[in-house]
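See below for the structure under consideration.
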Amino acid sequence: MKKQITDWLITEDHQYVAQAGRVNTLDLVVDHGDGAKIWDVDGNQYIDLLASAASVNVGHNNSEVQKAIQEQSQNLIHYISGYFYNEPAIKLAKRLAELAPGNTPKKVSFSTSGSEAAEAIVKFARAYTNRPYIITFSNSWHGTTMGAASLSAIDPNMHRNIGPLVGDVIHIPYPDQIHNHDDAEGTQSFEFLQELVKHDIPADQIAAIIIEPIQGDAGIIKAPVKYMNKLYQFCHTNGILFCTDEINQGFGRSGKMWSLDHFNLEPDIMAVGKALASGMPLSAVIGKAPIMDSLQAPANATTTAANPICCAAALATIDYIERHHLPERSKELGEYVKAIIEPWNSEFDSIVDIRMIGLNGGIELNSDELAHKISQYVFEHGVIMITTMGNILRFQPPLVISKDELTQALNTVHDAFTNLK
């Protein structure tokens, strides 16, 4: 592959861009994209199995999203939503309130990033309950701003040298039935929570429990149904808000519109972002109306929140997802992929586990080094597939990817295992 322009630009980047803002994975300088493919600045083509970290579910350069952006940009690029109204934001708020799980009336508060949305959950939960403590889970990723990093517990570099963090945030074990084979129902994790409130943090001091029903960056780990039901009941019995982070898993990624839909539960508050506006800087918290009315302006107002171009992109994105039945397509293609790769479990000793929920998977290996070598191999052969947690190959392609593209990409991954085992 040609890499002359790429090498020059990356050298420039390393000179002028702080390393804290980039997780170094592959030497890729993206130039343009179409559907499930992208091209670098040297003209090399790749099948994308990352979808910009699950933010372009409707595909790169989706023509309907492009049209919405172009039309809105001709009318208004931006005016501060903290002071005034714009029609795309009002329409989008209604759409999201109606789209969220459950029948309770909802309201929406906009931000620009998933990190801000996660922090907003803390604000609204503490204001509504008048309680200080927030509980999140091990291996969670909620963002990297100060509050969101405090909620997260997946990488020590998110906390290193920036303390003190936001206080009264407690991390408890995630009910990981994949790696804790003796606890398939999450009993031990729930007992840890019960012991916590019995001996340390009183339940009546906990404002919210924030959970990813399916942990994305942890390698696609789904909580057990019985655990989620017990957690939901525990929250409601004790006046604790049951909150979910759908930033990575929302908008069809897991084969349903929301990952919480796998459990048939209704959150008190949920955070959305990433795929909401096809990667445009927009996020939101959607919560039950009385909770969202607990804060007064300007407690969650920012200058660029609810940007009209971003909101227009989000409306077009949701239209496309619904009209083309992308959650159902994600489920169908996920089963197609699963049938291809599950036999690899017995073919390659290096594979520890394969998980696939919709077009949403993790291939866990017994070696960080091998995982990175496979990621590099497939990249050099025209496929983008990065690692997470060091030893897990992350599989989250655009939901519009074709079967032919999937087959071609998976053949390349199989070749990598064959050649590197």
Side-chain angles (χ1 to χ4, degrees), residues 30 32-38 47-75 86-101 108 110 112-114 117 216 246-261 270-284 286 306-337 357-360 395-406:
V30 180
H32 64 281
D34 180 39
K37 293 180 178 177
I38 63 171
I47 298 174
D48 185 9
L49 299 185
L50 179 63
S52 189
S55 63
V56 287
N57 289 0
V58 300
H60 298 285
N61 282 14
N62 182 285
S63 60
E64 296 181 25
V65 177
Q66 278 188 328
K67 181 180 179 183
I69 291 171
Q70 291 165 356
E71 290 180 352
Q72 179 58 46
S73 69
Q74 292 173 359
N75 294 327
N86 71 73
E87 187 175 1
I90 296 169
K91 287 182 175 179
L92 179 59
K94 179 181 179 182
R95 193 78 172 272
L96 290 174
E98 293 173 347
L99 195 60
V108 174
F110 290 110
T112 60
S113 70
E246 294 280 350
I247 295 163
N248 181 279
Q249 293 289 305
F251 299 101
R253 173 55 54 187
S254 69
K256 292 182 180 290
M257 181 60 78
W258 311 111
S259 63
L260 191 61
D261 289 340
M270 62 188 288
V272 299
K274 287 187 183 289
L276 167 61
S278 293
M280 295 285 284
L282 181 68
S283 64
I286 312 166
N307 171 275
I309 294 177
C310 295
C311 291
L315 288 165
T317 297
I318 296 170
D319 282 344
Y320 192 93
I321 288 171
E322 292 184 331
R323 191 169 60 257
H324 293 270
H325 307 288
L326 291 193
E328 295 83 357
R329 190 172 195 278
S330 176
K331 180 180 179 181
E332 176 188 344
L333 289 181
E335 291 299 323
Y336 173 76
V337 171
I357 309 171
L359 278 175
N360 187 47
F395 181 89
Q396 292 183 311
L399 304 185
V400 298
I401 192 169
S402 70
K403 280 189 175 182
D404 286 345
E405 289 168 329
L406 280 170

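It should be emphasised that the depicted structure is a prediction, and the values quoted were computed from it without experimental measurement.
In this structure a side-chain-to-backbone donor-acceptor pair under 3.5 Å is present from Ser330 to Gly252. Using a distance-only test at 3.5 Å, with no hydrogens or angles considered, no donor-acceptor pair links the side chain of Asn248 to the main chain of Ala54. Looking at Glu246, its side chain does come within 3.5 Å of a backbone N or O of Leu260 through a donor-acceptor pair. A distance-only check finds no donor-acceptor pair linking the side chain of Asn62 to the backbone of Gly59 [under 3.5 Å]. Between the side chain of Asp48 and the backbone N or O of Ala51, at least one donor-acceptor pair lies under 3.5 Å. Of the possible donor and acceptor atoms, one in the side chain of Ser283 sits under 3.5 Å from a partner among the backbone N and O of Ser113. The main-chain N or O of Ser259 is never found under 3.5 Å from a side-chain atom of Arg253 such that the two would form a donor-acceptor pair.
In this structure the side chain of Val58 reaches within 4.5 angstrom of the side chain of Ile321, judged on heavy atoms. A heavy-atom distance below 4.5 Å is found between the side chains of Pro101 and Met270. Looking only at side-chain heavy atoms (C-beta outward), Val272 and Phe251 come within less than 4.5 Å of each other. Two residues are said to be in side-chain contact when any heavy atoms from C-beta on lie closer than 4.5 Å; Phe395 and Leu406 meet this criterion. The shortest distance between side-chain heavy atoms of Arg95 and Glu322 falls below 4.5 Å. Counting heavy atoms from C-beta outward, Lys91 and Leu315 have side chains that approach closer than 4.5 Å.
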*Could you give me the CA-CA distance, side-chain angles and deciding distance for Glu64 and His324, then say whether side-chain contact (heavy atoms from CB on, under 4.5 Å) is met?*
CA-CA 12 Å; Glu64 296 181 25; His324 293 270; 4.0 Å; yes
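In summary, of the residues considered (Leu96, Leu92, Ile90), a side chain to side chain contact (heavy atoms under 4.5 Å, CB included) with Val108 occurs for Leu96 alone.
The CG atom of Leu359 lies 9.5 Å from the CG atom of Leu49; values are rounded to the nearest 0.5 Å. Once rounded to the nearest 0.5 Å, the distance linking CG of Leu399 with CG of Asn57 reads 4.0 Å. The structure places CG of Asp34 at 9.0 Å from OG of Ser63, a figure rounded to the nearest 0.5 Å. In this structure, CG in Leu333 is found 10.0 Å from CD in Glu335, a value given to the nearest 0.5 Å. Here Asn360 contributes atom CG and Lys256 contributes atom NZ; the two are 13.5 Å apart, rounded to the nearest 0.5 Å. Glu71 CD to Gln66 CD: the interatomic distance, rounded to the nearest 0.5 Å, is 12.0 Å.
The shortest non-hydrogen separation linking Arg329 to Ser402 is NH2-CA, 4.1 Å. Met280 and Ala313 make their closest contact through CG-CB, 4.1 Å (heavy atoms, listed as atom of the first residue, atom of the second, distance). Summarising the geometry of Ala68 relative to Ala312, their closest heavy-atom pair is CB-O, 3.6 Å, with the distance given to 0.1 Å. The two residues Val65 and Ala316 have their closest heavy-atom pair at CA-CB, 4.0 Å. Here the shortest heavy-atom pairing between Ala284 and Phe110 reads CB-CD2, 3.8 Å. Listed here is the closest heavy atom pair of Gln249 and Ser254: OE1-CB, 3.9 Å.
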